[in-house]
Amino acid sequence: DYLSRDCLYLGVKHSYDSSRLLNFSKVINGNICFHAKEAYNLYELFHTRYTLHKQIYSHRVCQSVDYMISDALIAADEELGIAESID
């Protein structure tokens, strides 16, 4: 789970239990459903996701790194043929 990984490496605390969410979920008629007792855990998952997006992922330094990586991949595409392998 990328949220748990990012929280761990960024030192952000989270209080949801992703393994518990997986254990108490099932697919019913094409919808992912959770046990009613997991409502708070699910809320904490989305709150953590919101916090990471608000404070970390949309941070100007993080966005700058994203642009630099994109520019490097575009520059390397002619030599490596990255775009061709995506199709």
Side-chain angles (χ1 to χ4, degrees):
D1 180 34
Y2 76 95
L3 294 176
S4 296
R5 178 203 63 207
D6 290 351
C7 286
L8 175 69
Y9 289 115
L10 294 169
V12 176
K13 292 186 179 185
H14 68 85
S15 59
Y16 72 93
D17 186 355
S18 59
S19 61
R20 183 172 169 87
L21 275 174
L22 288 174
N23 288 334
F24 287 98
S25 65
K26 56 173 79 168
V27 177
I28 301 173
N29 296 327
N31 296 313
I32 301 173
C33 301
F34 298 94
H35 193 281
K37 292 181 180 180
E38 293 305 306
Y40 183 74
N41 199 14
L42 194 59
Y43 168 80
E44 286 298 319
L45 168 78
F46 282 102
H47 184 267
T48 300
R49 182 177 179 269
Y50 170 79
T51 301
L52 286 173
H53 277 279
K54 186 82 171 161
Q55 295 179 353
I56 308 296
Y57 301 143
S58 63
H59 192 274
R60 61 182 171 80
V61 174
C62 187
Q63 289 180 343
S64 297
V65 171
D66 287 345
Y67 288 130
M68 288 189 292
I69 291 172
S70 295
D71 290 344
L73 289 173
I74 291 169
D77 184 45
E78 188 174 309
E79 183 69 30
L80 301 176
I82 298 168
E84 294 171 5
S85 65
I86 294 173
D87 296 334

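- Listed by first then second residue, pairs satisfying ring-ring contact (aromatic ring centres under 6.0 Å, His included) with a partner in residues 53-82 read His53-Tyr57, not counting sequence neighbours.
- Screening residues 65-79 for salt bridge (Lys or Arg N to Asp or Glu O under 4.0 Å), with sequence neighbours left out, gives no hits.
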>> side chain to side chain contact (heavy atoms under 4.5 Å, CB included), that's the test. Do Ser58 and Gln63 meet it? Break it down for me.
In response: CA-CA 6 Å; Ser58 63; Gln63 289 180 343; 4.1 Å; yes
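- The ring pair (Phe, Tyr, Trp, His ring centres under 6.0 Å) test applied to His35 returns no partner, not counting sequence neighbours.
- Scored by the side-chain hydrogen bond (donor to acceptor under 3.5 Å, both in side chains) test, Ser19 finds Asp17 as partners (sequence neighbours excluded).
- In the displayed structure, Ile32 atom CD1 is contacted under 6.0 Å by at most 12 heavy atoms of other residues, nucleotides or ligands.
- Taking Ile69 as the reference, Val65, Leu73 meet the side chain to side chain contact (heavy atoms under 4.5 Å, CB included) condition, with sequence neighbours excluded.
- Enclosure of atom OH in Tyr2 by more than 12 non-hydrogen atoms of other residues, nucleotides or ligands within 6.0 angstrom is indicated.
- Following chains of ILVMFWY side-chain contacts shorter than 4.5 Å, one can reach Ile82 starting from Met68, so the two form part of one hydrophobic cluster.
- Note on residues 26-46: pairs passing salt bridge (Lys or Arg N to Asp or Glu O under 4.0 Å), not counting sequence neighbours, are Arg20-Glu38.
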> When you look at Asp6 and Val12, which way does the side chain to side chain contact (heavy atoms under 4.5 Å, CB included) test go after all the steps?
Replying inline: CA-CA 8 Å; Asp6 290 351; Val12 176; over 6 Å; no
>> Assess the residue pair Tyr16 and Leu3 against the criterion (side chain to side chain contact (heavy atoms under 4.5 Å, CB included)); give the C-alpha distance rounded to whole Å, side-chain angles, the decisive distance to 0.1 Å, and a yes or no.
In response: CA-CA 10 Å; Tyr16 72 93; Leu3 294 176; 3.0 Å; yes
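- Of all heavy-atom pairs spanning Asn41 and Ser15, the tightest one is OD1-O, 4.3 Å.
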